[in-house]
Structure formats: structure tokens, C-alpha cells
Amino acid sequence: MNNQNTVLEKIVSLAKRKGFVFQSSEIYGGLNGCWDYGPLGVELLKNIKEEWWKSMTYREDIEGLDASILMHKRVWEASGHVDNFSDPMIDCKQCKARFRVDTLGDAINEKKKGKFIKALKEKVEGTDNNTALEKVFDIYSELDERFEAIVEHEELSKELLALVNCPNCGTAGEFTEPRSFNLMFKTFVGPVESTDNTVFLRPETAQGIFVNFSNVQGASRQKLPFGIAQIGKAFRNEINTRNFLFRTREFEQMEMQYFVQPKDDKKHYDIWKDKRMQWYKDLGMTPDKLRFHDHPEDKLAHYAKEATDVEYEFPFGWGEIEGIHNRTDFDLQRHEEFSGKSQKYFDDEIKEKYIPYIIETSAGASRSFMAFLVDAYHEEEVKGEQRVVLRFHPKLAPIKIAIFPLVNKDGMPEAARNIEADLRQNFRVFYDAKGAVGRRYRRQDEAGTPYCVTVDTQTLEDNTVTVRERDSMEQVRINIDELKVYFLEKLA
RNA sequence: GCGGGAAUAGCUCAGUGGUAGAGCGUCACGUUGCCAACGUGAAUGUCGCGGGUUCAAAUCCCGUUUCCCGCUCCA
């Protein structure tokens, strides 16, 4: 574990040194959980988003969208974020201690938990809550799990809290009502601050897609099944940020919502699940470090019928980089209800009107960035010297080709500059003439540049150059006239 | 949010009360002949920030911010 943390620290350090990621507002002491993408980082991020965009929208059945970050307040009431997207807290009125409701159980021992649950069972006997409690008992056999499930249940939680003694002072029945600490960032439309003009910074891009379902369908004349894709920033006022780019308060999502006939939901869910996993593998991510984590039925979010995470094994452990959910008709149903505008789709084939089911693929651009960066990082020994190399897939590499004169004289720089000018029309290239060529190669290794072109004496005689490949460090001689075609093929 | 650790040059770090340091990197000049070569020179620090103690603080004390770790949580 210690060793693995060191790896992450090295990557954070490299990321700063080479210009991938800087801490936000660093000269002012930094801002918790916010990071800036530097010259190489912005290229890598842009390439990731571009690959995603191509794979998602360069097809007949998916349309693009770029919705506003600020949306009507009612959107978040309909989505459930105003009510659910929060961590309820309670205070003990007696001793003023504060507890998060969902972690209250940690402060209470087994024996007492048993006592409280028994008391609760007697209390709800014969009421609606009894059914709910029985369901909890069916799903869980462990005491801790039962307690946790009760606490997470809106109604049962209230009943239980009235019975529980404060873990701090022992007083029973003195807890406040659970209060929500909403994780959405709030701001105001217009210069005057008042509750009337409160808006939220979107905590997910998905709702921008849902509320535009009819617009996009009408404008694009798409028929079900079809999807809407969007890349954009989202904001969550996380209690804790942690692990570099993994949990940040401002992050970027790459989401595609696929609208399907309800009866086909399982089919499309499975298709997208496979397709999304393959995307990471196709871009070179180590297959052994990727897995699915299926959500157990009782842990599903309020909107989901089926859900899985694509997880990557980071130095700190497995972490989600994408969520694939069957959101059912929950979102459109709710928007229909809250807006009063029909969200139904008339299906010509079956002559039926229905609210589509939605299969969501929601990838974290920032998290993918981190996963691709961590996965690319390699340290190796070359002739007794350590080499640090970022083995990015050529499509993701911030710089595609570096061009060097072997030495900075005898007509070599001029020849190299000509090559640079020519290749720059098609590729992101970098010219460097300073110092020994070996050092320049290693510098490019640290930036993840897949190819280096070097002009030498022979170039001036027969118009050929060496092309050095990053991972193998092997060199081939190529005629300058064939370079562009060579790279178009290699980098396509 | 709780508990633990850390913060000194771009990076890694040394410096336990008395002039701010090293290695690497960066830049310049010279040299160069394919994998972090060499020589000479240079730039870079309110020692995270704010208070306090002291004749004197990078060093001791208090607060705070940020990062890392363990819980917790999550896209």
C-alpha cells in the first residue's frame, strides 16, 4: 500500500512538472478539490473527450447536445436531487453532538442495536411501516446491516431515531429531525440574492438531456431507439475530496442517454455495458485493471432498475470511472409530472404511446483522464538508468511527434524545421534542438510522445530520417517524403 | 465530517533558535554525431498563510489552508 501511494505521489509530481495538472489557485494556497489542466493535460483531456465523442456520435442513432449548466430550479425537484442528493444529519438537542444519520450505527454497539430494533418492531406492529421493516428483515440477516437499512429508510428512520439514545450523552428521543445538507452548489440568477431566484449548478449533465428529449427527437426526426450524448462540467459540493482528480467538486462528465422501448431495456443495457468496457480497452487501458461492479438490488439509486460501474484499479484501490444504469422511465415520468408537458413518444411500429426507458452511460472525463494517466505511467531500467515513460495510446498522446536535429548545426536544424512545418499541418508536433538527443528522447518519454523524428548527417545526403518509437525505443529509417503517410497510418 | 502524517527552489529533500542549502531540472555560452554525456556561468525562496513567544523563528507555541493516509462517502 505504501509503495502504491508513492506511485500516485510520483504521478502527481510528474503531472505538475510536465504540465498535465496543477492545483487550482496554487499561489493562494490552493482550493480544496479543484485542479487545473496544464498544456499537456488539456491536450490529453481533449483527446479523451474527442475519442468518446467520435465513438458515441459518429453513428446514425445518437445526437449531440450541449445544455446549459444553469437550469430551472424545478428540474432538480423533479430529478429528486433536492430531496435525495444530500446527507441527512441530526443533532442531539441535549448535548449538541452532531451525527450523520447514515453512519449513526457506527457509534452504537451490537447489544444496543438489537435492543433498538426490537423496540422498533413492537412500535410499528400493525402499521404501514411494519411491511417495510419486514422487507428489511428479509433482505438482511446481519444486525449491522439491518440497522443501516432502517436508518436509510425515510419513515423507519424517523421511528427508530425516536427510540435511540444519543451515543454521546445517552439521552433518548432528543434528536432533531434529520436535516439535509445538500450537495448541490447554489447560486442566484440576477444580482439580488433571494430564495426566489436560487438556481443550482448542475450536479449531473443527464438532466439537461432528459429535459431536451422532445426537442432533440423532434428536431432530429430520430425514432426509438436513439441516444443523446453530451460532454460537460458538473458540480458537487462533496464533504470530502480525495485522491487527486478522483473526487473533485468540479468535474466533467461524458454522458449518453439511450431512449428505448421499455421491453427492450435489458437488451440495450447489456449492449452498452459491453461497448463501454471495450472503449477503455481499445484505448489501451490494461484489461486486468478494469472490471465491472454490479450494484446489488438494494443499493440502487432511487432512479435505477439495474446498474453497474466500470471500475479501474487505481494505486489506492478500485474506483468507478463510469456508471451504466437502467434509469427506467423514472426521469421522463417525473419531468412530465413536474412540467405538465407530455414526455410520451408515439411508436409508429407498434402504434403505441409510451414514456421511453433510458439506458444511461455516464463516464467521468476527469476520472478517465486520471485512469489513463495512471495506466500509462511506467518506470523501467535502461542500461542502468531509470526511464519514466507514459505509454499513452497514440490517439490520446498530447504530443504526437517530436522533431529533432541530431546536433544543432550543419544544416540539420533547417531540415528539421522543414519537416516540422510539414507535419504540423496534420499533427500536434514539438520541435526541440537543445542538448543531447538522448535527453530529448527521455523528455518526450515523460510527456508520452509516441514518435520522435531525428535529422542527422545522412539526412542531408539521402533525404531519410530516423523515426524512434517510444515504447520499444527502436528506430527505423524513413524517407522524408513518406513521413506524413507513415504517421497518418500509425496515428490513425 | 472524525483520526493520523506532511508542507523549505520547478521536482526530490537536508537544515532543532543565530547569514537559506544540496542533487536533479531550467536557461545561456562552448562542446556535440542516436538514448537522462561534459565544461563554464546564471536565474529561481516573504521556508504554505496569519498571529504569538524571543534580542533573534524555517526551527518553539496557537490558529488556519492545502495535500497524503485510515474511516466515511461517491460520478
Side-chain angles (χ1 to χ4, degrees), chain A residues 1-2 4-6 8-10 12-19 22-35 85 87 89 98-100 102-107 181 183 203-206 234-236 238-249 251-255 299 301 307 309-311 315-317 319-325 360-368 382-389 404-410 412 433-446 452-459 465-468 470 473-475 477:
Chain A
M1 197 52 170
N2 219 354
Q4 290 176 325
N5 295 334
T6 311
L8 187 60
E9 277 169 31
K10 281 182 185 173
V12 173
S13 162
L14 177 75
K16 180 181 179 183
R17 192 155 41 84
K18 301 300 286 188
F22 308 122
Q23 197 185 1
S24 166
S25 318
E26 193 187 61
I27 62 169
Y28 288 103
L31 181 63
N32 184 281
C34 294
W35 302 86
F85 203 66
D87 286 322
M89 311 273 264
R98 175 172 292 172
F99 303 92
R100 245 176 67 185
D102 60 346
T103 59
L104 185 67
D106 299 349
F181 286 67
L183 297 185
E204 62 176 22
T205 53
F235 305 83
R236 294 185 185 185
E238 299 285 350
I239 293 173
N240 289 321
T241 59
R242 197 55 78 82
N243 291 332
F244 195 35
L245 304 173
F246 190 74
R247 179 165 314 122
T248 53
R249 297 208 163 94
F251 56 100
E252 197 157 27
Q253 294 185 306
M254 306 185 290
E255 291 198 320
K299 292 277 186 192
D309 295 338
V310 177
E311 293 189 333
F316 52 81
E320 177 187 359
I321 54 176
E322 173 157 353
I324 296 149
H325 292 198
E360 167 184 86
T361 69
S362 173
S366 326
R367 283 187 174 182
S368 298
V382 177
K383 293 179 184 166
E385 298 279 352
Q386 196 200 43
R387 177 170 93 124
V388 171
V389 53
F404 312 142
L406 183 60
V407 287
N408 201 16
K409 62 177 188 186
D410 299 341
M412 291 182 218
K434 304 283 172 62
V437 74
R439 178 181 300 259
R440 282 178 268 160
Y441 285 145
R442 296 301 172 81
R443 263 200 286 249
Q444 292 308 310
D445 289 342
E446 281 194 329
C452 295
V453 170
T454 303
V455 169
D456 56 17
T457 320
Q458 197 185 326
T459 307
V465 290
T466 60
V467 174
R468 180 260 198 190
R470 177 192 66 204
M473 293 188 285
E474 278 169 10
Q475 299 183 0
R477 265 205 109 78

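Heavy-atom basis, side chains included; hydrogens, waters and symmetry copies ignored. Within every chain, numbering begins at 1; the chains are lettered A, B, ... in the order of the sequence lines, protein sequences first and strands thereafter.
- Residues meeting the side-chain contact (heavy atoms from CB on, under 4.5 Å) test with A:V437, sequence neighbours left out: A:F404, A:L406, A:R440, A:Y441, A:T454.
- For A:F251, there are no ring pair (Phe, Tyr, Trp, His ring centres under 6.0 Å) partners at least two apart in sequence or on another chain.
- Remark: A:N243 is not in phosphate contact with B:C68, judged by side-chain N or O atoms under 4.0 Å from OP1 or OP2.
- Comparing B:C47 with B:C35, their P atoms sit 44 Å apart, to the nearest whole Å.
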(request) Let me have a per-nucleotide readout for nucleotides 35-52 of chain B, 5' to 3', with B, S or -, counting only protein heavy atoms under 4.0 Å. (result) BBB---------------
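- In the set B:C68, B:A28, B:G33, B:G33 carries the atom at the smallest distance from any side-chain atom of A:K409.
- Under the rule for a ring pair (Phe, Tyr, Trp, His ring centres under 6.0 Å), the partners of A:F244 that lie at least two apart in sequence or sit in another chain are A:W35.
- A:D445 and A:R470 are not joined by a salt bridge, as no carboxylate oxygen comes within less than 4.0 angstrom of a charged side-chain nitrogen.
- Side-chain proximity of A:M412 to the nucleotides B:U32, B:G10, B:G33 is greatest for B:G33.
- Atom C1' of B:A36 sits at a distance of 14 Å from the matching atom of B:G23, rounded to the whole Å.
- With hydrogens and angles left out, the side chain of A:R247 and the base of B:C73 share a donor-acceptor pair within 3.5 Å.
- For A:Q386, the CD atom counts as densely surrounded, since its 6.0 Å shell holds more than 12 non-hydrogen atoms of other residues, nucleotides or ligands.
- The distance between atom CD of A:E9 and atom P of B:U12, rounded to the nearest whole Å, is 9 Å.
- Separation of the C1' atoms belonging to B:G52 and B:C11 is 34 Å when rounded to the nearest angstrom.
- Map A:T248 and A:T454 each onto its nearest nucleotide of RNA chain B; the residue landing nearer the 5' end is A:T454.
- A gap of 30 Å separates the C1' atoms of B:C29 and B:C13, to the nearest Å.
- Between B:U32, B:C74, B:G33, one nucleotide has an atom nearer to the side chain of A:L406 than all others, and that is B:G33.
- Nucleotides B:G3 and B:U59 place their P atoms 25 Å apart, quoted to the nearest Å.
- As rounded to the nearest Å, B:A6 and B:C61 have P atoms that lie 12 Å from one another.
- Rounded to the nearest Å, the gap between the P atom of B:A7 and that of B:C49 is 13 Å.
- Ranked by how close their nearest RNA chain B nucleotide is to the 5' end, A:F251 and A:T457 are led by A:T457.
- Between the NZ atom of A:K434 and the P atom of B:G30 there is a distance of 12 Å, rounded to whole Å.
- You'll find a donor-acceptor pair under 3.5 Å spanning the side chain of A:T466 and the base of B:C34, going by distance alone.
- For A:S362, the side-chain contact (heavy atoms from CB on, under 4.5 Å) criterion is met by A:Q253, A:E255, A:E360, not counting sequence neighbours.
- The CD atom of A:E26 sits 11 Å away from the P atom of B:A9 (whole-angstrom rounding).
- Residues satisfying the side-chain contact (heavy atoms from CB on, under 4.5 Å) criterion with A:L31, sequence neighbours excluded, are A:S24, A:S25, A:C34.
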